[in-house]
Number of protein chains: 2
Amino acid sequence: MQLDQYDLKILQILQENGRITKSQLADEIHLSVSPCWERVKKLEQAGVIEGYGARVNINKILKHTSVLVEISLKEHHSTAFKRFESVMCDTPEVTDCYATGGGVDYILKVQTNDIDQYQRLMDVWLDSELGIERYFTYIVTKTIKQRSPINNE
Amino acid sequence: MQLDQYDLKILQILQENGRITKSQLADEIHLSVSPCWERVKKLEQAGVIEGYGARVNINKILKHTSVLVEISLKEHHSTAFKRFESVMCDTPEVTDCYATGGGVDYILKVQTNDIDQYQRLMDVWLDSELGIERYFTYIVTKTIKQRSPINNE
DNA sequence: CTTGAAAGATGGGGTGC
DNA sequence: GCACCCCATCTTTCAAG
């Protein structure tokens with residue numbers, strides 16, 4: 001898919017303001033409504049725009065704790081990886097999960113009500129057949145920044 | 001702020017589908033439009049809903065590399081922290097930044113076109129007066145999961 | 001919480017450049 | 001490709017009951 005400056009601008013604006021009206025969007029990118037609308041539709045159909053969502057500030061509704069966790073597995077074959085990854089995907093407390101090179105196999109971000117609840121979750125993982133060899137926990141003391149990619153320079 | 005089941009349901013739905021119409025939303029939570037709309041407005045004004053945005057699949061539009069970086073500073077006083085944090089906030093390549101307890105001061109996620117570009121960014125940081133004592137880079141080889149909190153159980 | 005109503009947006013269509 | 005009409009239908013927003 002080939003994107004021009006208009007498309008990038010559309011993405012940039014929609015990323016910040018997903019509920020902007022198509023006419024306002026058209027104004028901002030200096031196109032009229034129809035071509036603008038067709039670009040948006042194209043971006044959605046191509047899967048560049050996967051969907052729209054509200055940014056919910058979790059801090060306003062409940063006390064919670066975030067931790068970052070480095071995890072290494074005992075075994076390094078694809079079934080072990082697959083099992084681990086599917087458990088991560090199915091665990092709502094895990095908000096982010098990345099496979100990494102560089103000493104550990106995975107780095108996760110986990111959100112729970114408190115540290116106890118995190119530790120209980122970890123205990124369940126350790127007791128199950130997930131094959132965790134070792135893990136290291138970093139407690140998040142402050143969230144400085146949280147995602148907003150795409151900024152066309 | 002006190003949230004009831006309706007509000008949680010609203011948040012859950014809006015998080016997944018931020019462009020749903022208020023009438024559809026009202027249908028789904030089994031309320032009529034106006035009360036539903038007032039709840040949404042209240043959630044927005046209270047800052048529980050911070051905004052709306054398109055979920056953009058960055059992989060569809062450009063090749064890029066994500067790295068996770070652990071950073072420790074030389075000095076641990078608030079001006080050093082503030083300076084570091086403001087640079088992180090102003091650097092678009094940094095998508096996430098967390099202050100942590102547990103051996104390192106910060107953990108970041110950085111997105112660049114390639115590893116070279118990341119390394120150049122790091123070189124700039126090291127040469128500037130940011131006070132980085134040491135850092136460790138984990139290259140993300142696979143993104144397993146990426147954020148979707150709030151799931152009322 | 002419900003109804004209702006005005007103002008505006010959507011999603012098409014079509015024409016012409 | 002784009003812009004500039006039109007138009008029926010739905011949505012938003014805010015009264016008043």
Atom-pair distance (CG on B:Asp4; P on C:dC1), nearest Å: 9 Å
Establish, yes or no, whether a centroid distance under 6.0 Å links the rings of A:Tyr52 and B:Tyr52. no
Keeping the roles fixed (side chain from B:Lys22, backbone from B:Trp37), state whether a donor-acceptor pair exists under 3.5 Å. no
I need the full list of salt bridge (charged side-chain N to carboxylate O under 4.0 Å, His left out) pairs touching residues 29-44 of chain A, with sequence neighbours left out, sorted by first then second residue. A:Asp4-A:Arg39, A:Asp7-A:Arg39
DNA chain D: first to last nucleotide in contact with chain B (atom under 4.0 angstrom from a heavy atom), 5' to 3', is D:dT11 to D:dC14
Hydrophobic cluster (4.5 angstrom, side-chain heavy atoms) - remaining members for A:Val124: none
Only counting residues at least two apart or in another chain, list the ones meeting side-chain contact (heavy atoms from CB on, under 4.5 Å) with A:His76. A:Phe81, A:Asp105
Side chain of B:Thr100, backbone of B:Val104: donor and acceptor closer than 3.5 Å? yes
Base versus backbone protein contacts along nucleotides 3-17 of chain C [heavy-atom cut-off under 4.0 Å; B, S, -]: B-----SSSS-----
Once salt bridge (charged side-chain N to carboxylate O under 4.0 Å, His left out) is applied, do any residues pair with B:Lys142, and if so which ones, sequence neighbours excluded? A:Glu85
Flag yes if more than 12 heavy atoms outside B:Phe136 fall under 6.0 Å of its CZ atom; otherwise flag no. yes
